[in-house]
> 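Please find one structure pasted underneath; my questions will follow.
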Amino acid sequence: MCRQAVQHHSVLVCLCHDFVVDFWKKIILSDTYFEIPEKRIQDAQRASIAHMLLATRTFPDRRKMQTDGIPYPNFFLTSAPHMAMAYLTNGCSEYAKLIVRNALLQQEPDGLYFDKSLAHGGIIPTAHGHIMYMAAAYYLLTRDTDFGKKIFPSLKKAVEYLERETENNKYGLLPPTYPYDNEMIDGYYACNNYWALLGLRFCIRMAKDLKQDEVLQRWQSLEKAYTRNILKAVHTSVRGEGYVPAGFYDFKTGKQARRGFNEYQCNNDWENMLLAYPTELLPPGHQYLSSTLEHIRRGYAEGIMTYRHGQHLHQYITANLIEQYVALM
């Protein structure tokens with residue numbers, strides 16, 4: 001290659017480099033950003049947002065969607081609150097709105113927000129509360145009134161689903177669920193009910209802010225009854241010194257609950273420790289919280305919580321525990 005061609009190539013490389021750097025700075029550093037004294041942590045925080053943004057896709061029909069990561073073609077609705085909150089707290093509210101829009105499109109006729117990616121062919125209420133919480137939280141954090149009024153009918157329908165299901169259930173909980181790729185138990189999932197309660201509380205706050213007074217009294221009565229039902233389930237199901245398991249009442253695990261999984265993969269701790277934050281179900285000083293954290297910590301390896309009983313290191317569960325420890329401080 002001649003000298004002139006080399007120089008031309010170098011100029012193009014510099015221009016492309018500058019374009020890419022400017023592109024990411026405009027997205028990640030234009031509105032809200034964090035300054036952290038430790039450079040490696042600073043870089044990791046910004047890289048995490050970049051990796052989430054890289055996992056957005058435009059499909060052949062021009063539909064845009066967030067996915068769970070570069071290797072994943074689909075999006076798990078249980079990831080929606082975490083990703084939307086990350087975008088909102090990092091000044092990328094339009095990407096959070098994209099997640100809300102696409103999540104609400106997965107609402108069933110009966111009001112259930114249905115996670116098709118996680119359901120293994122059935123219809124289960126595993127992400128219902130996640131989406132209620134995320135959509136209402138998006139409105140409360142952005143105060144996007146026009147968008148809030150637009151999505152409120154969907155949330156109203158979602159609360160009606162929750163009201164109907166809990167009224168018709170003998171324990172006053174969401175329906176039991178077959179094993180799927182998180183906790184892998186057969187029965188009442190603690191986390192499904194935690195998130196649904198959290199979602200209901202945020203919908204109440206949204207209804208107050210939008211002055212939707214016609215639903216408030218009924219929703220507030222539902223919240224009180226549902227809180228009592230979940231607390232009763234927690235107290236009834238607690239084990240040992242206060243460990244709150246992944247399921248309530250007489251849930252099945254092991255060989256009884258395999259459903260295509262190996263029995264050693266069943267009965268995973270996942271979100272059953274979300275007792276203080278964000279649910280505010282129990283006060284931070286409650287024995288159940290400290291005992292549950294102590295029990296789950298026994299599954300750590302290399303300073304990180306494991307999944308499938310030591311098979312994998314897992315970031316979600318580790319972060320869930322960290323949030324509880326922060327609440328304890």
Side-chain angles (χ1 to χ4, degrees), residues 23-58 64-106 113 115 117-118 126-127 129-144 147-148 151 182 191 194-195 198-199 202 205-206 270-271 273-274 276-280 304-305 307 313-327:
F23 172 83
W24 286 109
K25 281 185 175 180
K26 285 176 183 177
I27 295 179
I28 297 176
L29 303 179
S30 59
D31 293 326
T32 302
Y33 64 92
F34 297 93
E35 292 185 356
I36 304 170
E38 173 56 57
K39 185 179 184 303
R40 285 178 295 180
I41 297 175
Q42 175 82 84
D43 291 344
Q45 189 273 334
R46 292 177 180 175
S48 68
I49 300 299
H51 277 87
M52 282 174 49
L53 290 164
L54 285 169
T56 56
R57 284 176 168 82
T58 301
K64 293 183 179 180
M65 189 176 74
Q66 175 77 47
T67 70
D68 257 61
I70 296 173
Y72 293 93
N74 298 316
F75 187 56
F76 294 88
L77 293 189
T78 49
S79 301
H82 310 291
M83 291 188 172
M85 284 299 181
Y87 282 140
L88 286 170
T89 53
N90 283 272
C92 302
S93 60
E94 284 305 307
Y95 288 92
K97 182 184 278 191
L98 175 70
I99 293 174
V100 174
R101 282 199 184 109
N102 284 322
L104 297 192
L105 289 174
Q106 295 196 42
Y113 292 127
D115 193 336
S117 299
L118 198 62
T126 182
H130 293 70
I131 305 310
M132 290 171 64
Y133 161 71
M134 176 196 65
Y138 174 87
Y139 165 74
L140 292 167
L141 287 170
T142 63
R143 288 300 194 267
D144 185 344
F147 187 66
I151 67 174
N182 280 343
C191 75
Y194 293 166
W195 279 101
L198 180 63
F202 270 71
R205 294 170 190 171
M206 182 177 177
W270 185 261
E271 292 175 322
M273 76 293 291
L274 300 184
Y277 179 86
T279 62
E280 299 180 357
I304 298 174
M305 181 55 191
Y307 180 50
L313 299 175
H314 207 279
Q315 73 278 26
Y316 284 5
I317 318 174
T318 308
N320 289 340
L321 266 74
I322 291 170
E323 290 171 349
Q324 310 315 303
Y325 285 120
V326 170

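Counting begins at 1 with the first residue of the sequence.
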> Could you tell me the separation between the NE2 atom of H82 and the CE atom of M134, rounded to the nearest 0.5 Å?
11.0 Å

> Do M65 and L105 have side chains that approach each other closer than 4.5 Å (heavy atoms only, starting at C-beta)?
no

> Distance check, rounded to the nearest 0.5 Å: Y277 atom OH versus L198 atom CG?
9.0 Å

> Could you tell me whether a side-chain N or O of Q66 sits under 3.5 Å from a main-chain N or O of M52, the two making a donor and an acceptor?
yes

> Would you say Q42's side chain and F34's backbone share a donor-acceptor pair under 3.5 angstrom?
yes

> Minimum heavy-atom separation for I28 and L53, please, with both atom names.
CG1-CD1, 4.2 Å

> Indicate yes or no: at least one non-hydrogen side-chain atom of L274 is less than 4.5 angstrom from one of Q324.
yes

> Looking only at non-hydrogen atoms, find the nearest pair between A84 and I99 and report the distance.
N-CD1, 3.9 Å

> Rounded to the nearest 0.5 Å, what's the gap from CD1 on I322 to CD1 on I317? Could you check?
12.0 Å

> Test side chain to side chain contact (heavy atoms under 4.5 Å, CB included) on Y95 and T56; report intermediate values, then the result.
CA-CA 9 Å; Y95 288 92; T56 56; 4.1 Å; yes

> Looking only at non-hydrogen atoms, find the nearest pair between T78 and P81 and report the distance.
O-CD, 3.6 Å

> Is there a side-chain contact between C92 and I27 in this structure, where contact means two heavy atoms from C-beta onward sitting under 4.5 Å apart?
yes

> Could you go through the side chain to side chain contact (heavy atoms under 4.5 Å, CB included) check for T142 and K97 one step at a time?
CA-CA 10 Å; T142 63; K97 182 184 278 191; over 6 Å; no

> Between Y113 and A103, what is the shortest heavy-atom contact and its length?
CD2-O, 4.3 Å

> Without swapping roles, check the side chain of T58 against the backbone of K64 for a donor-acceptor pair under 3.5 Å.
no

> Is there side-chain contact between E271 and H130, with heavy atoms separated by less than 4.5 Å?
yes

> Taking all atoms of both residues into account, what is the closest heavy-atom pair of A135 and I151, and its distance?
O-CD1, 3.9 Å

> Between atom CZ of R46 and atom CD1 of I36, what is the distance when rounded to the nearest 0.5 Å?
8.0 Å

> Quick one: pull up OG in S93 and CG in L98 and give me the separation to the nearest 0.5 Å.
11.5 Å

> For H51, does the NE2 atom sit with more than 12 other heavy atoms under 6.0 Å from it, leaving out its own atoms?
no

> If you look at every heavy atom in A55 and T67, which pair is closest and at what distance?
O-OG1, 2.6 Å

> Any side-chain to backbone donor/acceptor pair from Q106 onto D115? Under 3.5 Å, distance only.
no

> State, with a plain yes or no, whether a side-chain heavy atom of W195 is found less than 4.5 Å away from one of T279.
no

> How long is the gap from CG on L321 to CD1 on I304, to the nearest 0.5 Å?
12.5 Å

> When you measure from the side chain of N320 to the backbone N and O of W270, does any donor-acceptor pair fall under 3.5 Å?
yes

> For a ring pair (Phe, Tyr, Trp, His ring centres under 6.0 Å) with Y138, tell me which candidate from Y87, F202, Y133, F147 qualifies.
F147

> Does the side chain of L140 reach to within under 4.5 Å of the side chain of R143, using non-hydrogen atoms?
yes

